[in-house]
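Structure, as structure tokens:
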Amino acid sequence: MSFFEQYPVPAKSQPESEQELMRRAHALAGFTLGQLAGFAGWQAPKNLRKAKGWAGQLIEYYLGASAGSKQEQDFAHLGIELKTIPLNEHGQPAETTYVCIAPLTQLNGVTWEQSNVRNKLQRVLWIPVDGRREIAPAERTVGHPVLWSPNQVEDRLLRADWEELTEMIILGAVDQITARHGVAMQLRPKAANSHALTNAIGPEGELIQTLPRGYYLKKEFTHAVLQRALEDPNAFNR
DNA sequence: TCGTGATCATAC
DNA sequence: GTATGATCACGA
């Protein structure tokens, strides 16, 4: 059977329902990134060193994510955020997962419920992809999708980390935050290079310039999320 | 070996 | 610069 018989959807079109999105996602499982790239007329890079977002953008294309640099979920009309997650030889996340840019000013009164982190993570479609570096991107296989929403325990973990980090930012201690802060989620540089600067709050409450930061999910947390899906296939059904 | 800090491509 | 998509790469 040809790929297009299994995937009779005009790529790049927006899925109209969660069911359609999931049908598309399931149809990608088992194919390599090279096959999918070929069907789409894309060229697979030799490695991801200068194409770090390539796999994510290829999956976006097939699932019909509204491309763009807008600060909202990939499927805003469905309330779903898309994340490709590279797995190592043990089936564990090979990388942390970028969530969103961290606001470093005008945080007074912002609550977890209003935060961009929570908005992005409220419902995530995980697409596991072989992330072994010794294998060429074109040979890496796409896995079965997992549609996840944080359970109470997960939400509390994320909230606690967000509140701790946000508190430090508000108190002018952003430059003392390292990736070691946080249990499930950490704050790390998110910039073109280490010379990039953005506004933040200083120790005396004054405006300072610092490296732009982003929120990232730690590997262990993401691993637990994916593990929960494997142990109970119905865990994330609604 | 692996996590932290650094970095790459692209759109606007 | 900010925001999207992320992974790289070196020092501990």
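In what follows, every chain begins at residue 1, and chains take the letters A, B, ... in the order their sequences are listed.
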(request) Specify the separation, in whole Å, of atom CG of A:Leu211 and atom C1' of B:dG5. (result) 9 Å
(message) Quick one, A:Leu28 and A:Leu36 - any side-chain contact, counting heavy atoms below 4.5 Å?
(response) yes
(message) Do A:Tyr215 and A:Asp161 have side chains that approach each other closer than 4.5 Å (heavy atoms only, starting at C-beta)?
(response) no
(message) In whole Å, I'd like the distance from the OH atom of A:Tyr215 to the P atom of B:dT4.
(response) 16 Å
(request) To the nearest Å, give me how far apart CD (A:Glu72) and P (C:dT4) are. (result) 10 Å
(message) Judged by each residue's nearest nucleotide on DNA chain B, which is more toward the 5′ side, A:Arg133 or A:Ser194?
(response) A:Arg133
(request) Apply side chain to side chain contact (heavy atoms under 4.5 Å, CB included) to the pair A:Gln14 and A:His77, showing each step before the final yes or no. (result) CA-CA 10 Å; A:Gln14 184 176 274; A:His77 59 301; 3.4 Å; yes
(message) Counting only heavy atoms and a strict 4.0 angstrom limit, can you tell me which residues of residues 173-192 of chain A come near DNA chain B?
(response) A:Thr178, A:Ala179, A:Arg180, A:Gln186, A:Arg188, A:Pro189, A:Lys190, A:Ala191, A:Ala192
(message) Regarding A:Ser13 and A:Arg24, do their side chains bring together a donor and an acceptor under 3.5 Å, going by distance alone?
(response) yes
(request) Would you kindly give the CG-to-C1' distance between A:Asn47 and C:dT7, to the nearest whole Å? (result) 10 Å
(request) Note down the inter-axis angle between the two ends of the helix from B:dT1-C:dA12 to B:dC12-C:dG1, five pairs each, to the nearest 10°. (result) 30°
(message) Looking only at the side chains, is there a donor atom on one of A:Arg213 and A:Thr198 sitting less than 3.5 Å from an acceptor on the other?
(response) no
(message) Can you measure A:Lys219 atom NZ to C:dT7 atom C1' for me and round it to whole angstrom units?
(response) 11 Å
(message) Starting from A:Ile101 and following side-chain heavy-atom contacts under 4.5 Å between hydrophobic residues (I, L, V, M, F, W, Y), which residues can be reached?
(response) A:Tyr98, A:Tyr216
(request) Return yes when atom CD of A:Gln209 has more than 12 non-hydrogen atoms of other residues, nucleotides or ligands closer than 6.0 Å, and no otherwise. (result) yes
(request) Compare all side-chain heavy atoms of A:Phe221 with those of A:Val183 and state whether any distance is below 4.5 angstrom. (result) no
(message) Classify A:Glu81 by what it touches in the nucleic acid, base, sugar-phosphate, or nothing, heavy-atom distance under 4.0 Å.
(response) sugar-phosphate
(message) So A:Ile85 and A:Pro128, do their side chains get closer than 4.5 Å, heavy atoms only?
(response) yes
(request) With a 4.0 Å heavy-atom cut-off, tell me which residues in residues 50-58 of chain A come close to DNA chain B, sorted by residue number. (result) A:Lys50, A:Lys52
(request) Taking A:Gln186 for its side chain and A:Ala179 for its backbone only, find out whether a donor-acceptor pair lies under 3.5 Å. (result) yes
(request) Tell me whether the OP1 or OP2 atom of C:dT4 has a side-chain N or O from A:Lys120 closer than 4.0 Å. (result) yes
(message) Filter on ring-ring contact (aromatic ring centres under 6.0 Å, His included), then keep only pairs touching residues 165-193 of chain A, sequence neighbours left out; what's left?
(response) none
(message) I'd like to know if the side chain of A:Trp148 pairs up with that of A:Glu154 as donor and acceptor (distance under 3.5 Å, no hydrogens or angles considered).
(response) yes
(message) Can you tell me which residue among A:Arg133, A:Lys218, A:Arg132 is in a salt bridge (charged side-chain N to carboxylate O under 4.0 Å, His left out) with A:Glu95?
(response) A:Arg133
(request) Using heavy atoms and a sub-4.0 Å distance, could you list which residues of residues 86-107 of chain A are near DNA chain B? By number, please. (result) none
(request) Provide, to the nearest angstrom, the distance between the CD atom belonging to A:Gln71 and the P atom belonging to C:dG1. (result) 17 Å
(request) Measure from NZ on A:Lys218 to P on C:dA6 and round the result to the nearest Å. (result) 21 Å
(request) Using whole Å, report how far NZ of A:Lys46 lies from P of C:dC8. (result) 16 Å
(request) Would you tell me whether A:Thr210 and A:Asp175 have side-chain atoms, one donor and one acceptor, within less than 3.5 Å of each other? (result) yes
